[in-house]
Amino acid sequence: MTYKNPFELRAACRAGWAAPTSGHATGFTQCNLIALPKDWAWDFLLFAQRNPKPCPVLDVTEPGGFETVLAPGADLRRDLPRYRVWRDGALAEETADAHAVWAEHADLVTFLIGCSFTFEAPLMQAGIEIRHIAQGCNVPMYLTDRPCRPAGRLAGPLVVSMRPIPADRVAEAVTISGRYPAVHGAPVHVGAPEALGIADLGRPDFGDPVAIRPGEIPVFWACGVTPQAAVMASKPPFAITHAPGHMFVSDVPDREWQA
């Protein structure tokens with residue numbers, strides 16, 4: 001089943017639906033999520049400011065808050081299909097409801113970060129197939145050998161998402177996605193995955209592999225899973241994130257972010 005709007009999708013999440021959100025609620029902005037204790041929030045805000053391509057911040061809650069102006073009435077503890085809980089930089093668990101674990105820290109500051117799923121609809125409207133949607137799987141994501149600019153106690157590598165694009169449509173895909181800088185914008189790299197330190201496109205670090213057909217070129221966009229790579233590298237005592245590909249879907253139309 002494909003959910004047509006964010007209200008239906010969030011209701012499904014509360015009922016236990018847990019699947020990647022690409023292709024759902026087309027036309028509405030999707031967001032990555034990371035929640036950190038207050039004493040780490042400044043470090044992350046600075047990290048995002050220094051690395052705006054993978055970490056374009058769309059909203060920040062007050063300490064202890066779990067609501068957002070991007071979707072009044074939504075509950076960030078329950079309205080994503082799947083969460084990850086991190087302890088000392090290690091993945092401790094995945095859950096479809098973060099309400100209980102959220103209560104462990106009363107001062108969590110939550111960041112909502114733009115997601116490249118937002119500009120997939122304009123790409124499809126232009127006739128460019130989005131392979132992971134066509135295959136019914138999660139987008140492939142890869143750790144790269146490109147370090148992000150450190151900030152305070154946070155450092156880590158850039159993470160990218162990949163979509164195969166026909167060679168004669170790459171320039172168009174770059175132009176279309178480039179109109180949405182608040183949700184990662186234009187690609188960071190085209191072709192040659194080894195130039196990013198990616199050894200095998202068939203073995204993504206997050207998500208699922210997709211077919212690359214003759215005449216297609218792998219195109220790489222900065223990815224909002226980059227904060228999770230920073231958590232793994234920097235080992236804050238506690239963090240909650242979305243599970244890769246399982247985003248918060250806001251009430252904000254995609255067009256609001258078009259430059």
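Quick note: residue numbers are just sequence positions, from 1. As the structure is a computational prediction, the values presented were derived from the model and not from experiment.
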For residues [X] and [Y], determine if any side-chain heavy atom of one lies less than 4.5 Å from a side-chain heavy atom of the other.
X	Y	answer
P147	L158	no
W86	I240	no
P204	P209	yes
V219	P187	yes
L196	F220	yes
R131	E216	yes
M162	I212	yes
H184	P56	yes

For [X], I'd like to know if atom [atom1] has over 12 heavy atoms of other residues, nucleotides or ligands within 6.0 Å.
X	atom1	answer
R50	CZ	yes
K38	NZ	no
E256	CD	yes

Criterion ring pair (Phe, Tyr, Trp, His ring centres under 6.0 Å) on W40 and F238, from CA distance to verdict: CA-CA 10 Å; W40 281 78; F238 184 81; over 10 Å; no
Inter-residue atom distance [X].[atom1] - [Y].[atom2], 0.5 Å rounding:
X	Y	atom1	atom2	value
K4	L9	NZ	CG	12.0 Å
K235	D88	NZ	CG	8.5 Å
L76	F66	CG	CZ	9.0 Å
T241	L91	OG1	CG	8.0 Å
T29	W257	OG1	CH2	6.0 Å

Between T175 and R179, is the side chain to side chain contact (heavy atoms under 4.5 Å, CB included) condition met? List the steps. CA-CA 7 Å; T175 299; R179 296 174 186 150; 3.8 Å; yes
Does one hydrophobic cluster hold both [X] and [Y], with members joined at side-chain heavy-atom distances below 4.5 Å?
X	Y	answer
V252	F248	yes
F119	V249	no
L143	L154	yes
L45	L70	no
F117	V57	yes

Quick one: do E67 and R77 satisfy salt bridge (charged side-chain N to carboxylate O under 4.0 Å, His left out)? Show the steps, please. CA-CA 9 Å; E67 298 180 343; R77 303 169 299 179; over 6 Å; no
Taking 4.0 angstrom as the limit, do [X] and [Y] come out as a salt bridge?
X	Y	value
D251	R10	yes
E93	R84	no
E129	R169	no
D79	R14	yes
R153	D43	yes

Using the side chain to side chain contact (heavy atoms under 4.5 Å, CB included) rule, pick out the option among V60, L33, T61 that qualifies with L112.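 The residue from V60, L33, T61 that satisfies side chain to side chain contact (heavy atoms under 4.5 Å, CB included) with L112 turns out to be L33.
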List the atom of [X], the atom of [Y], and the distance in Å for their closest heavy-atom pair.
X	Y	answer
T144	P157	O-CB, 3.4 Å
D254	A121	OD2-CB, 4.4 Å
A233	G156	CB-CA, 4.1 Å
C223	S161	CB-N, 3.7 Å
A48	C55	CB-O, 3.6 Å
D208	N138	OD2-N, 2.9 Å

Quick check against the 3.5 Å criterion: does N51 have a side-chain atom that pairs as donor or acceptor with the backbone of P54?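 Flag not set: sc N51 to bb P54 has no pair under 3.5 Å.
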Does H24 use its side chain to pair, donor to acceptor, with the backbone of Y3 at less than 3.5 Å?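 Between the backbone of Y3 and the side chain of H24 there is a qualifying donor-acceptor contact (under 3.5 Å).
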List the steps, then state whether side chain to side chain contact (heavy atoms under 4.5 Å, CB included) holds for Y142 with V159. CA-CA 6 Å; Y142 304 86; V159 177; 6.0 Å; no
Hey, could you give me each pair passing side-chain hydrogen bond (donor to acceptor under 3.5 Å, both in side chains) that has a residue in residues 118-127? Not counting sequence neighbours.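 For residues 118-127, and leaving out neighbouring residues, the side-chain hydrogen bond (donor to acceptor under 3.5 Å, both in side chains) pairs sorted by first residue read S22-E120, E120-H132, E120-R163.
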Show me the pairs that pass side-chain hydrogen bond (donor to acceptor under 3.5 Å, both in side chains) and involve residues 192-207, at least two apart or across chains.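 Those involving residues 192-207 do not exist here.
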Show your reasoning for whether side chain to side chain contact (heavy atoms under 4.5 Å, CB included) applies to V231 and I34. CA-CA 10 Å; V231 166; I34 181 169; 3.9 Å; yes
Residues which pass side chain to side chain contact (heavy atoms under 4.5 Å, CB included) with A11, listed by chain and number, not counting sequence neighbours: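 Listed in chain order: nothing, the list is empty.
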Any chance you could lay out the side chain to side chain contact (heavy atoms under 4.5 Å, CB included) test for I165 and I217, step after step, and finish with the verdict? CA-CA 5 Å; I165 305 292; I217 295 175; 5.8 Å; no
Member of Q228, H246, H242 meeting the side chain to side chain donor-acceptor pair (under 3.5 Å) criterion with N32: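 Single pass found, and it is H242.
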Using a distance-only test with no angle check, is there a side-chain donor-acceptor pair under 3.5 angstrom linking Y83 and E94?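 Note: Y83 and E94 side chains miss the donor-acceptor criterion.
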